[in-house]
Every structure is written in structure tokens, then in C-alpha cells.
Q: 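There's a structure below that I have some questions on.
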Amino acid sequence: MKRYTPQEIELKWQKRWEESHAFACTHKSDKPKYYVLEMFPYPSGNLHMGHVRNYCIGDVLARAKRMQGYNVLHPIGWDAFGLPAENAAIKHNTHPASWTYSNIANMRSQMKRLGYSYDWARELATCRPEYYRWEQLFFLKFLEKGLVYRKEAPQNWCPSCHTVLANEQVVDGCCWRCNSPVEQKDLTQWFLRITAYADELLEDLELLKGGWPDRVIAMQHNWIGKSHGAEIAFPLEKPVAGQESISVFTTRPDTVFGVSFLTMAPEHPLVAEIIRGLPNEEKIQEFITSVRNMDRIERQSETLEKQGIATGAYVLHPLTGKKVPIWLGNFVIASYGTGAVMGVPSHDQRDFEFARKYDLPIVQVISQDGSLSDTASWECAYTEAGVMVNSGEFDGLDNETGKKRVVEALEAKKLGRATTQFRLRDWNISRQRYWGAPIPVVYCEHCGLVPEKEEHLPILLPLEVKTFPDGKSPLPATASFAECTCPKCGGKARRETDTMDTFVESSWYFTRYTCARDEQEAFDKEALSYWMPVDQYIGGVEHAILHLLYARFFTKALRDLGFYPENLDEPFKRLLTQGMVLLDGSKMSKSKGNIVNPEEMIDKYGADTVRLFCLFAAPPERDFDWTESGIEGASRFLQRIWRLFEDSQDVLEPVPAASSTTADATTALAKDLRCREHTTIKKAGEDMGTRCQFNTAIASIMELVNAMYLYRAKMGTDPGERKVFSSAMATVLTTLSPITPHMCEELWSMMGQEDLVSAQKWPNCDESALVRDTQTIALQVNGKLRGTMEMPTGADKAALEAAALEQEQVKKFTKDLTIQRVIVVPGKLVNVVAR
RNA sequence: GCGAAAGUGGCGGAAUUGGUAGACGCACUGGACUUAGAAUCCAGCGCCUUCGUGCGUGGGGGUUCAACUCCCCCCUUUCGCACCA
């Protein structure tokens, strides 16, 4: 008897798949296409359990879809630029490139040990010039179109990473990667104009409903943060620096008559001009400095006390002409809206608190019922809808109508207009780092900013650089790179030494897989429009706004540049956000020391067992705890199949899955097994290929295996019964093969079957096999289960009712009652209603 | 505060359209085999129990012949955003 030795078997079949290019694909096919993609990994060195789970989910789906008749694209690559490579280079005195490439080699072999069915011919790494040259081309096109621009502004600066960060990369005021508190620094940086697509990014979330988890859609919705309102100009009493007025953004123009002050952010560019020469200029300056010195976490914490200072300057109310004092406030954000707000303490809670603290007037202008009350007794602002009061000609209007009328009145005076604001900011893509894609522009002494010529691409990242003595990028000091000639005038120029954010690479890699080896163009239009969009994307929820928002933006931008088909609006049709793998209830992490090493698990149990456990432990979107007893259980199930197979060699014939017929299944025993077999084909097929509920697919196959054990014990010598058993075995191996492909290949070949089990079609469910001679009918009295009865399949309502009323259990429970109704659901139940 | 998801045995979870709640697995208990253990096989496994026309899917109401499932109110947990004007 041959023992189950996964390590031997797995190597053998991995080699067989590779040699036969079993999972290569092309876009020239008559089959319907299916593009399965898992978020590509950063080559950190080793696969962790989270990776394993992610790629197992994708692999089972890819294998199942392939068997179910789809032409499947299932590629993999490496998100290979990024800061950890530089940190590792410093630590181990090596080069980021060699560190990265050796990590890729290691992780690739770990993936191969897990038997993932990738089309390896499409593998890509974003740090290769063959990849990033196209990104540089996109940059130049973006520049032409005004989608990328340079701007000086206060930026999020991570002192530990020596680089700026995008807004999306600042989490709770700290760096998303190293968790150091982020500082603000004035810098000139490159920005991608993602805000130009704010509306479309928001609206197209509608297209994703049903395919994406609600919470991811909600998170993007909030992040984009659209609000409708008005911009209102308050004329300055004394204009400064050529500015006649200060603009504010408000969602409540209907409350404009309640303005009793105007608050500006201390960082507002006009502040310096306004306070110049005022009596308390020095005090104001002190206030500004103290706010600017506050770190971001402190400034944005909800407990921060609202503080402000009166400037002594005034604006004029745009409708009444009354003087309104200008204040500075620490709660006003310079980067949102206009950086200034109108203070309406009666109808805004923040303004209310501010007015109470600094004893500013509170004037009611909205009333629930039109009556006025004394605001001195109010405990909070009234923020609900109502009728306008104290508002001149607008009195008596409901406030929604009032919003429009006030804006119209302001427009007539050229002091306001309806507008919308987004929370979304443009994406800062400059990074003061070495290990990234160079930005293809130069700064010429004569011509200024000059884009590189397309024929000069790729602008290669130099590999010969000095090491990183102070943790900073060596590029500015690398003369061979930084010193260059101007593409326009040929004069002396300096190359841009910032590199691109690595999130730029991951914003388009999924389209490059469709033609990864094309050296002539970024995309082969035919292949691209055949494969895109991705049908199922799988990854962690931590990218809900980062990568997934950037990738959506890039898709729309490249579509509008003509790189993508016109109708490609969204890159990912369906998104599955997989849960985490926990150990003892908390996330596995190196620093905590609670790690399960995938390679050790493969050594101990084999890749098939690891795959099986990852998929059986919980539905894919939920977190699950790694347990030793759980993986033991998975191993036990595979052993159980192996033993059943070994012990049944004498009766097994190499018949196709689902090949037994009604003529073979003549006994009740055989009919039952055949029914179970086809139930599993249907259930596992839907669960694996459509619902992505792998745990229940596995449960269904376990039920079939359990049934086969019982069957074999009772099975006679009848050839029909034996055929039914062989067919069921073939079905187990076929339906389980997406999950545990190696063992299934081995048993498939031991069974004497032709070809690879991976190349088999998914067995057909014969609906007639699901129909049994009799059915169990539930018996209820007043909705409570009181028993069951066996009835011939297809028995009509009258027969079911009559039979039910004859049953002892029913009689017993209706003895002293009058039967009022009998509800019959054919094939299911009979409910006797009695009072 | 706003938004989202979730709450079912000792545990992970199942019930896809309102129709027999607890599939499948883990753990546990008893038995068989064994010198013994491991492995395996068989049986049991929601709770209460006065053994019933009992209770039971976070709690409370409702709709229905029938509710884990639909409606209303509430509680708890997790996650995301948050002085956004």
C-alpha cells in the first residue's frame, strides 16, 4: 500500500505543469474570458500566511473557472520599487536592486511550492526599465494634458523616511509605512490631478455596487467627500495686496444673515497682509506660530480646544454691508474650501462654541416654526431645517429655498456663486527617494522646466550609486544622472532627482499583464480590450482608498489619453477583500513573534493541506485564527481520501467523473450515492466558481467522501454499483482539484486516467440524478415541527395533505383542536393550522 | 458624531428564494482495535428538564400558517472617516 507523501508528489506535479505550460493562456480563444487577479506582492523576502491565503483564494477561483470552460488569465508580478529595499541596503550593505531581485527569486520559488496556476510567462517586476519606461511615457502625456503639475505647498513629510507622503498615506497623522509622526514642510512637488476626476470617481462607484464590498465603496465615497454649497466673498474693509475680499465656502448660504465673525486659517496666504501694521500684530504672530508648531496629530485630535484671536481687521457683510470682525482660528483647515469660513454661531456647533468662548454675538436666522427665541439660553446650535428669520427680504422662506435665493442674490452682486467642494486633494507623487521610477523632466538653465523627449525613454535609474550614508537618496549627488543636457536647447541642465511614488506603478500593472512582453508599445489594444476589466480582484482591505482609488483614477486618465479602450471606465468589476490570518486572536506579526511560517507548514503537511486549511477555516472575507488542530483536520481529510482510494483499488475503474447512468444506479444504495455525487458537483461548482464560498464547497465534497465510505462498506459485486463508485471517485478528484491540485493529480493518474486532472472539464450535474423516489416532508402543527414523513416525489397537494392528517404526530397535536387551514408546500412541508 | 460590517452550540462556521436551525469541521465523551500509545473505526454531542403542546439564532416589539431570513426600536463588537465649514 502506497502512503500519502505530499512532498514528493507535489514536486512531481509542479514540474509536470511547468513543462507542459499547463496554465499559459492567450487572448485568441473562442471561450468566454475570465481575468482573476490577486494584488501583487511587495518582494519583502518571504511569503507570509496572508499572502498564502490571498493567492490560494485566487488560485482556486482560476482553476475552477478554467475547468468550467473559461479562458482564464491568472498572472503574477512584483511591486518591486519602494523604501524597504533602501533600508535593507543600508542595513546589510547591499544594493536595493540585488536585495529586491533575490527576494523575488525566493518568493517565486515559495509560490511555486504552493502550486499556484500562474501564467509565469507574464510575470513582471515594476523596477525593470521594460516596465517603468511606459510609466514615464504616461507621465509625459499627463504633463502635456495638464494632468500632472508642479506646485509649492505645505507637504506631509516623514522625517524617518526622508520623503513626502500623499494624503492617503498619512494614517492618524503618522506615516503609513513606518508610523513616525508626519511633519509639514513647504516643498515644490509633482502632483497628479486626481481631483479632475473627483466627480467621475464618485459617480462610478454606482457601477461597482454589487461587485465591491459596501464598506469599500463607502470609504471611497467619504474620502472623495463631495459637498454642495456656495462660495461667498466678504469685501475687505481695507483691501490688501490687491485683494478686495475674502472668500469663504459654506454649505449653508441660507444662514448668511447670522454671520457674526469670519474665521481664517492661520496659514491662509492673506493673513500676513491683513495683520501687517495692526496694533496687536505681534500677539497674532505668536498665535500663528504656536498653531503652526503644533504637530498634526495634536492639531487634528477631537479634544483640541478651539482657539482663536481677533485680528482687529474687518470685512463687510455681502448683503447687509455691516462690519464683520476677522478672526483666526486653529480649527480652520487651510487646504479645504477657501481656508476661511463664515461664523454663524446660531446654526453651526463649532461656531457656537467659538462664539460662547470669545463672547461673540449669536443671532438666530433659522427657526423651526418661525418664532424667535433668546439665543442666550441656547445650549447648542440649531442645525436642523426651518424657516428663515432676521434675514431681511428672505424672512419666511423655508431654508432649502432660501439657500438658492441667497446664492442668486449674491450672484447678482457678484459676491457669490453656487459651488461644490471635495475633500479629495491632488496626489503628490514626488518622493525624495532613490529606489523608484525616475521622473522624466529636466531643469534647464535657459529653458526652465523641460520634459524629456519620448525617444529618450526610458530614463534609467542608475544602478551605480554611492550608498546611503545618511539615509537619504543618493540621486542628487550622482553626477552621471543629475547632470544632463537640455533636450530642447542642448545646454546644461539638471535632471529631476525625485522619483515617483510606488503607488503609480501599482495603478496600471493589471493592464500590462495582458501583453507583458510587448516591447513596441505599452499595450496591445486587442489583448487589452479582450482581457480587461479584471473580473475578480482579490486583496486586503488596507488598500480600500490608497491603491484602489489611484488605480481607478489611472484607468480613467489612461482611457482619456487613448491608451485604454473608451469603454473601460472601471478596472475591477468585482472585489473580494480577504480577511486576515490571525494567531491567538491577533494579527501575525514579526515584532510580536506570533508567526506561522508557511514553508514550515508545507514541510510538515504539504502544500495541499495548507491550501485546504486556508480555504476551509472560514469564508474568504472573514478573519480566521490559525490553529494546529485545524490544519491537522485538513490533513486528516486528505489522508482519508487517500485511504479510501487505496482500499478501493480493486473496484476502481478509470471512468470519467459523473459518468454513471441511471442504468448503472439501479439499487437504492447506488441511486443515493449518485444523487450525492451530483449534488456535490452542483454545490461545489457554484461555491467555487461563482460564490467564492470555498468552505462550503469543501464541506460538500467531504459529505460525498463520507457517503463513499458508507457505500463501500455495503457495496456488492454488481458492476453498476461499482461504476457508480468509480464515477464518484473521479468526481471527488475533479471537484477537489482546484483546492488540492497535487494530490488530485496523483490519484487521478493512479486511477489510470488520461491527461491532467487540471485539464478536465468540470463534471456536468445531471438534474435527474438529484431527484429521489421519495422525499422527507416536514410536518408542522401551528408552525412547529412535530415530525416528518416519507412521501413519493411529486406527490400533489391533496395527497400530501391527506397523508399528513393521517400521521400520528399530527393527530396527537390537533386532538382537541379544530383544524382551520392546511398549508402545503410540495416537496417541503405540511403545516396544519388548528385552534 | 457620520459611514459600513457583524452578532447562530464549547469553537470555526452552514442554512443561496421566508419553509425540518446547527450541514461540514474542530474540541469533547463513551466504545472497538492495541501490551501500551498514536492512527483508525463505531456511537454520542444546542439548552433546560418537573421529560413537556418546554426553550433556543444579541435584546424587545411587529408582519406571516411559518422568521436566523422581512419591518420598527434598542444593545454590543469590529473597522473606516472625522473641527471638511
Side-chain angles (χ1 to χ4, degrees), chain A residues 171-172 213-223 225-227 229 248-252 255 263 265 299-306 329-333 335-344 347-351 353-354 421-424 541-542 544-545 577 612-613 616-619 621-625 627-634 636-637 639-640 643 683 686-687 690-691 693 695-703 705-706 709 713 776-788 812-817 820-825 827-834:
Chain A
V171 180
D172 293 333
D214 289 344
R215 65 170 176 150
V216 175
I217 292 176
M219 280 161 78
Q220 292 216 355
H221 198 277
N222 292 341
W223 188 262
K226 184 176 185 174
S227 24
V248 302
F249 173 72
T250 179
T251 55
R252 296 292 305 273
T255 64
T263 320
R299 175 110 183 247
Q300 295 206 341
S301 81
E302 60 187 307
T303 52
L304 177 74
E305 204 188 335
K306 283 166 196 51
N330 64 349
F331 61 93
V332 182
I333 298 164
S335 58
Y336 183 77
T338 60
V341 294
M342 61 185 206
V344 184
H347 306 292
D348 180 281
Q349 187 55 29
R350 274 178 318 249
D351 296 342
E353 288 165 25
F354 195 76
Q421 277 294 329
F422 291 94
R423 219 187 70 106
L424 183 69
V541 75
E542 65 273 17
I545 28 195
T577 50
L612 178 66
F613 178 55
F616 185 60
E621 58 284 343
R622 266 199 237 186
D623 293 350
F624 79 85
D625 239 319
T627 62
E628 199 65 20
S629 58
I631 191 155
E632 295 274 359
R636 204 175 301 150
F637 173 59
Q639 302 276 3
R640 204 168 136 75
R643 224 169 25 245
K683 172 79 178 152
E686 286 168 3
D687 285 355
T690 310
R691 296 209 314 150
Q693 296 288 297
N695 54 332
T696 50
I698 295 164
S700 172
I701 299 168
M702 285 173 167
E703 285 185 77
V705 172
N706 291 345
Y709 262 92
T776 307
I777 303 296
L779 295 169
Q780 295 184 341
V781 176
N782 292 328
K784 288 192 174 160
L785 183 71
R786 296 304 184 195
T788 58
K812 185 176 157 199
F813 287 99
T814 53
K815 200 169 52 185
D816 301 322
L817 304 170
Q820 297 183 322
R821 276 173 80 177
V822 179
I823 311 276
V824 181
V825 183
K828 290 267 167 153
L829 60 76
V830 178
N831 185 14
V832 180
V833 185

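Convention: sequence-line order gives letters A, B, ...; per-chain numbering from 1.
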Q: Might you point out which heavy atoms bring A/Asp351 and A/Gly343 nearest each other, and give the distance in Å?
A: OD2-CA, 3.4 Å

Q: Classify A/Val833 by what it touches in the nucleic acid, base, sugar-phosphate, or nothing, heavy-atom distance under 4.0 Å.
A: sugar-phosphate

Q: Nearest 0.5 Å, please: how far is CZ in A/Arg622 from CG in A/Asn695?
A: 9.0 Å

Q: OP1 or OP2 of B/A5 versus the side-chain N and O atoms of A/Arg622: is any pair under 4.0 Å?
A: no

Q: Look at the side chain of A/Asn222 against the base of B/C81 and say whether a donor-acceptor pair falls under 3.5 Å; ignore hydrogens and angles.
A: no

Q: Distance check: side-chain N/O of A/Ser700 vs OP1/OP2 of B/A23, anything under 4.0 Å?
A: no

Q: Go nucleotide by nucleotide along RNA chain B from the 5' end; which of A/Ile777 and A/Gly783 gets its closest nucleotide reached first?
A: A/Ile777

Q: Using a 4.0 Å heavy-atom cut-off, does A/Thr788 contact any base of the nucleic acid, only the sugar-phosphate backbone, or nothing at all?
A: base

Q: Side chain of A/Met702 only, please: which of B/G25, B/C41, B/U20 is the nearest?
A: B/G25

Q: For the rings on A/Phe613 and A/Phe624, is their centre-to-centre separation under 6.0 Å?
A: yes

Q: Of the nucleotides B/G54, B/A23, B/U16, which has the atom closest to the A/Lys683 side chain?
A: B/U16

Q: Centre-to-centre under 6.0 Å for A/Phe354 and A/Phe331, is that the case here?
A: yes

Q: Counting side-chain heavy atoms from CB outward, which of B/G19, B/C83, B/G25 is closest to A/Gln780?
A: B/G19

Q: For a quick check of understanding: with a heavy-atom distance under 4.0 Å over all strands, which category does A/Lys784 fall into, base, sugar-phosphate or nothing?
A: sugar-phosphate

Q: Do A/Glu686 and A/Arg691 sit within salt-bridge range, that is, some charged N less than 4.0 Å from a carboxylate O?
A: no

Q: Without decimals, in angstroms, what is the distance between A/Lys828 NZ and B/A21 P?
A: 12 Å

Q: For A/Tyr709 and for A/Thr627, find the nucleotide of RNA chain B with the closest heavy atom, then tell me which residue's nucleotide is more 5'.
A: A/Thr627

Q: Could you tell me whether the phosphate oxygens of B/A66, OP1 or OP2, come under 4.0 Å of any side-chain nitrogen or oxygen in A/Arg786?
A: no

Q: Does NZ or CZ of A/Arg640 come closer than 6.0 Å to the centre of the six-membered ring of A/Tyr709, within 45° of the ring's axis?
A: yes

Q: Quick check for you: among B/C81, B/A23, B/G19, whose closest atom lies nearest to any side-chain atom of A/Thr696?
A: B/A23

Q: Closer than 4.0 Å, any side-chain N/O of A/Arg215 to the OP1 or OP2 of B/C81?
A: no

Q: Heavy atoms from C-beta onward define the side chain here; which of B/C41, B/A15, B/G12 lies closest to that of A/Ala618?
A: B/G12

Q: Ignoring backbone atoms, test whether A/Arg821 places a side-chain nitrogen or oxygen under 4.0 Å from the OP1 or OP2 oxygen of B/A66.
A: no

Q: Can you see if the side chain of A/Asn706 gets near the phosphate of B/A23 - specifically, an N or O under 4.0 Å from OP1 or OP2?
A: no

Q: Is a side-chain donor or acceptor of A/Arg423 paired with a backbone partner of A/Trp223 at a separation under 3.5 angstrom?
A: yes

Q: By nearest atom, which of the nucleotides B/U40, B/G25, B/A85 is closest to the A/Arg636 side chain?
A: B/U40

Q: For the side chain of A/Ser629, counting heavy atoms from C-beta on, which of B/C26, B/A14, B/C41 is nearest?
A: B/C26

Q: Looking at B/G19, I'd like to know if its phosphate oxygens (OP1 or OP2) sit under 4.0 Å from a side-chain N or O belonging to A/Asn831.
A: no

Q: Side chain of A/Glu686 only, please: which of B/U16, B/C65, B/C83 is the nearest?
A: B/U16

Q: Answer yes or no: does a side-chain N or O of A/Gln693 lie under 4.0 Å from OP1 or OP2 of B/A14?
A: yes

Q: Ignoring backbone atoms, establish whether A/Arg691 has a side-chain N or O less than 4.0 Å from OP1 or OP2 of B/A14.
A: no

Q: Base, sugar-phosphate, or nothing: which does A/Thr263 touch, judged by heavy atoms less than 4.0 Å apart?
A: nothing

Q: Mind pulling the stems RNA chain B is in, i.e. runs of at least three Watson-Crick or G-U pairs, everything under 3.5 Å?
A: B:1-7 with B:75-81, B:10-12 with B:24-26, B:28-32 with B:40-44, B:58-62 with B:70-74

Q: As a test of reading the structure: which of B/G13, B/G3, B/A85 is closest to the side chain of A/Pro619, going by heavy atoms?
A: B/G13

Q: Closest to the A/Phe813 side chain: B/U53, B/C83, B/U16?
A: B/U53

